[in-house]
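Notes for the one structure printed next.
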Amino acid sequence: MARKPLDYEELNENVKKVRYAVRGELYLRASELQKEGKKIIFTNVGNPHALGQKPLTFGRQVVALCQAPFLLDDPHVGLMFPADAIARAKHYLAMTPGGLGAYSDSRGIPGIRKEVADFIHKRDGYPTDPELIYLTDGASQGVMQILNTIIRNERDGILVPVPQYPLYSASISLYGGSLVPYYLEEEANWSLDFVNIRQTVAEARSKGITVRAMVIINPGNPTGQCLSEANIKEVLQFCYHENLVLLADEVYQQNIFQDERPFISARKVMFDMGPPLSRELQLVSFHTVSKGNWGECGQRGGYFEMTNLPPKTVDEIYKVASISLSPNVPGQIFMGVMINPPKPGDVSYPKFTAESKYVHESLRRRARMMTDGFNSCRNVVCNFTEGAMYSFPQIRLPPRAIEAAKRAGKAPDVFYCLKLLEATGISTVPGSGFGQKEGVFHLRTTILPAEEDFPAIMSSFKKFNDSFMEQYEGYSRM
Amino acid sequence: MRRFAADRARRAVAASLRGAASRSAAPSPHPPAPRHPAYPVGAAAMAAAMSTAAAGAPPVSLDTINPKVLKCEYAVRGEIVTHAQNLQQELQKNPESLPFDEILYCNIGNPQSLGQQPVTYFREVLSLCDHPALLDKSETHALYSSDAIERAWQIIEKIPGRATGAYSHSQGVKGLRDEIAAGIATRDGFHASGDNIFLTDGASPAVHMMMQLLISSEKDGILCPIPQYPLYSASIALHGGSLVPYFLDEEAGWGLEVDELKKQLEEARSKGITVRALVVINPGNPTGQVLAEENQKKIVEFCKNDGLVLLADEVYQENIYVEDKQFHSFKKIARSLGYTDDDLPLVSFQSVSKGYYGECGKRGGYMEITGFSPEVREQIYKVASINLCSNVSGQILASLVMNPPKAGDESFESFMLERDDILSSLARRAKALEEAFNSLEGITCNKAEGAMYLFPRLHLPQKAIGAAQAAGTAPDAYYAKRLLEATGIVVVPGSGFGQVPGTWHFRCTILPQEDKIPAIISRFKEFHEKFMDEFRD
């Protein structure tokens, strides 16, 4: 019987190699349990609205109006929508003659890209070119497009932090490249160690790998650390010296939960350093509407900004973008509103500010609660969530637990997370999904469950963990 | 600068003129990316610590990027469009500078950009789903029709936590998929399952996913119609596979002959290509033909016998303009032949961008997959999950398209009026343009039975071909450029879609508003007559 083209054996090997644990084994098991009626707390993905976070009203009002422009002619519209939302809807509709229903420029609506450029200028103090800003259906699309542009074959290596958000490892697999891991130092607050990084690069090169790019995720996912200016300078110098393009994933730039290290963009640091580096180092920066205080994951809005890429390369990137015609227009409008929110004096400003502040401060409190909660558990050590939306506690599994996992045919952290799920309904992602040092185990959870549910969740976790540790370690040696 | 279109043109000219060398086309200027002015070195100047960059090509330059990216092409937004945009800018600055008042983009199936209105009911529902807080307000009834409010409630209830801003299931919201499956079942008379549906940001990402799955190397071939919508050629190139062309028969109304499929399949196999799938676009793009049922049955049997995946691009299923033809989905045909879910790997693509709804900017669509193993489904799910999910508003719209208002609904009558108005207007425009093209010397044009395009053939005089050669472009690209510069009308040269070597076409949409059509026709006629006068042998 002839092999059929969609038989498993016939599939593209690169597809088979891909792993994306965020919606992998744990998530599927959690979904099964949910179907059976168990209450599940999904903390596997940074999906704020799914856990009760409310959308920021202004953005929704603007898009709702753009969606149904005939409302703007209705005399009652002022009763239902504030004047500035109405004005903003008209502002965006004027930018796109076909409204939400027409393919826009493949790079995104020029007027919105200009707004993004203004935002970047204001944030960093350096102007940027809207022509080099491409809007995408979420930042992930942008990351994938850029990686696909860079990776030619399996000898092309991409430096990726470990632990990392597995979009990077999955995309590199998919495009047939090589992931060159650099380990973040957990004991030093997940910092970068350049001695280690240089070694890693040398090793990769000795195996015939051409290291092409370096990814930084700042603030980090899953680790949450915020890079200092000095850190970023080191990264930039390293990339410059080693002739790498820097891919700066900055999607969590609005989620900062400490004051010592506010967000500073790679681009700003680069321009602060001045020429020749600022003129030559190739940089692509990514942002999204899915995180921050907005959490509008379902809209699929994002952008990437290119710095110092040759015009012909930009053309090729444009060409590939044009094959998919255009990013979704409502998502583009969300991006516009996010980076150009209501200002003092606008009718919606007080409400907008109150809503954003509420989200931000609550996240900040939850970051602290979760870190402290984990640190109060036996055999659990957890770095503080300085930024982003996750907690990545280290679970020091006793040898007997590791053996039990082996007998069950599971990786130790998967074993632990499955047991946690079955006992408490808390659905996490095992650390192996993100990468970790050999023999060191973690799980990733989010800080997103509702604040009022936190005490119960943390105590449920502690109860499970401490009894798990008792089971596999015996009584605590206090 | 869209160099790739010039490259393709160069190859086409070289191929069809048997070794005549051609000078490179002067590419249209691309505004160069401004180099950043020198910024004052900040307090953090690290001059002492900085060493010069490693020698060698910068990491992301034309020499060092993925060659598959370089190879792929997409003419629909290619060189001619860039040129048109430049002319448009000129017109804005200096309205009198050109022999026309406006650029008319007939290059792309983008109805709402040319004035087509969205379906009111759909937009009402979407607007409410965008801002569900409205559903709690009594004033909402003053602004929105009550069945739209009702429908929005139903939809919101299907979304976990009523959170339209959350990532959904990676295949799309289950309740919406089930609704779409019900719509498919109603359409076809055969069962469909929501579990077989993957909602995507438009149909294009779904096509990419399948190409990714099927193609491991250039030894993997995909049978594609020529002429084809260049998403297919671009996607195959991007994924490193081989396009195996099968030619549609222009003399027979762009008919698809299974003998031609067999011939091309054998030839490809003899060259060591493993042919994995057959792409069929029905109704056709750019050709507009609607396949007859008998034809479709033979195609299904062909795929079954030769072990090919059938990739059925059915995005124009609601754009049929002739009374003697009807849309039959390939799924329906396969089921009516007695093939069950397990017998035949079939992927059917649908989109919210076409039909009478024309919601291109929303990026909504899906693929319905039947006939493959659970292990393979798992892989497809895995790839879909990397991007987490498609945009939720687009998912909602797909469910509205596949399950529109029914008789008895409050909005049904006005909905049907809007729908019929748009479809009948499209049919009239298709006819008017087809007749106009056929009335001209040196142009023959098959009827557009469906879709949104006409694909007239240019029987160009030798002199015109010579002039094109001298200019270093393909004859159809030359014609299209001259047309643009004389009239402001933007069409896509046939070489962007593929054509029998030595034949020339262009693709023109039927989408400009109906009241503009007479002026377009007369401008076109004037240009064409002058062109023929200039180049008549």
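Scope of the values below: all heavy atoms of this structure, side chains included, with no hydrogens, waters or symmetry mates. Here is how names work: the chains are called A, B, and so on, in the same order as the sequence lines, proteins then strands, and each is numbered from 1.
In this structure, the portion of A:S104 lying under 4.5 Å from any heavy atom of chain B is its backbone and not its side chain. The part of B:I215 that comes within reach of chain A is its backbone (N, CA, C, O), which places non-hydrogen atoms under 4.5 angstrom from that chain. At a 4.5 Å heavy-atom cutoff, the contact between A:S290 and chain B is made by side-chain atoms alone. Heavy atoms closer than 4.5 Å to chain B are found in the side chain of A:Y27, but not in its backbone. Proximity to chain A (any heavy atom under 4.5 Å) is restricted, for B:Y381, to the side chain, taken from C-beta onward. With a 4.5 angstrom heavy-atom cutoff, A:I150 touches chain B via backbone and side-chain atoms both. Heavy-atom distances place both the backbone and the side chain of A:N148 under 4.5 Å from chain B. In this structure, chain B has no heavy atom under 4.5 Å from any part of A:V284. Contacts between B:A142 and chain A at a heavy-atom distance below 4.5 Å involve backbone atoms as well as side-chain atoms. Both the backbone and the side chain of B:T140 come within contact range of chain A, judged by heavy atoms closer than 4.5 Å. Looking at A:L325, the atoms closer than 4.5 Å to chain B (heavy atoms on both sides) sit in the backbone and in the side chain alike. Only the backbone of A:E13 comes within less than 4.5 Å of a heavy atom of chain B; no side-chain atom from C-beta onward does. The contact between B:S170 and chain A is made by backbone and side chain atoms together, counting heavy-atom distances below 4.5 Å. Both the backbone and the side chain of A:I323 come within less than 4.5 Å of a heavy atom of chain B.
When each of A:G295, A:S106, A:P166, A:G331 is scored by its heavy-atom pairs under 4.5 Å with chain B, the top score falls to A:S106.
Between the side chains of B:S127 and B:Y144, a donor-acceptor pair is found at a separation under 3.5 Å.
In this structure, the side chains of B:L388 and A:Y20 come closer than 4.5 Å at one or more pairs of heavy atoms. In this structure, A:R60 and B:T164 have side chains that are in contact, with non-hydrogen atoms separated by less than 4.5 Å.
At distances below 3.5 Å, at least one donor-acceptor pair connects side-chain atoms of A:R300 with backbone N or O atoms of B:N387. A:K17 places no side-chain N or O within 3.5 Å of a backbone atom of A:G176 that could act as its donor or acceptor partner. Checked by atom type and distance alone, the side chain of A:H241 never pairs as donor or acceptor with a backbone atom of A:Q237 at under 3.5 Å.
Heavy atoms only, all atoms of each residue included: B:D63 and A:R152 are closest at O-NH1, 4.3 Å.
Of all residues in residues 65-72 of chain A, those placing a non-hydrogen atom less than 4.5 angstrom from a non-hydrogen atom of chain B are A:C66, A:Q67, A:A68, A:P69, A:F70, A:L71.
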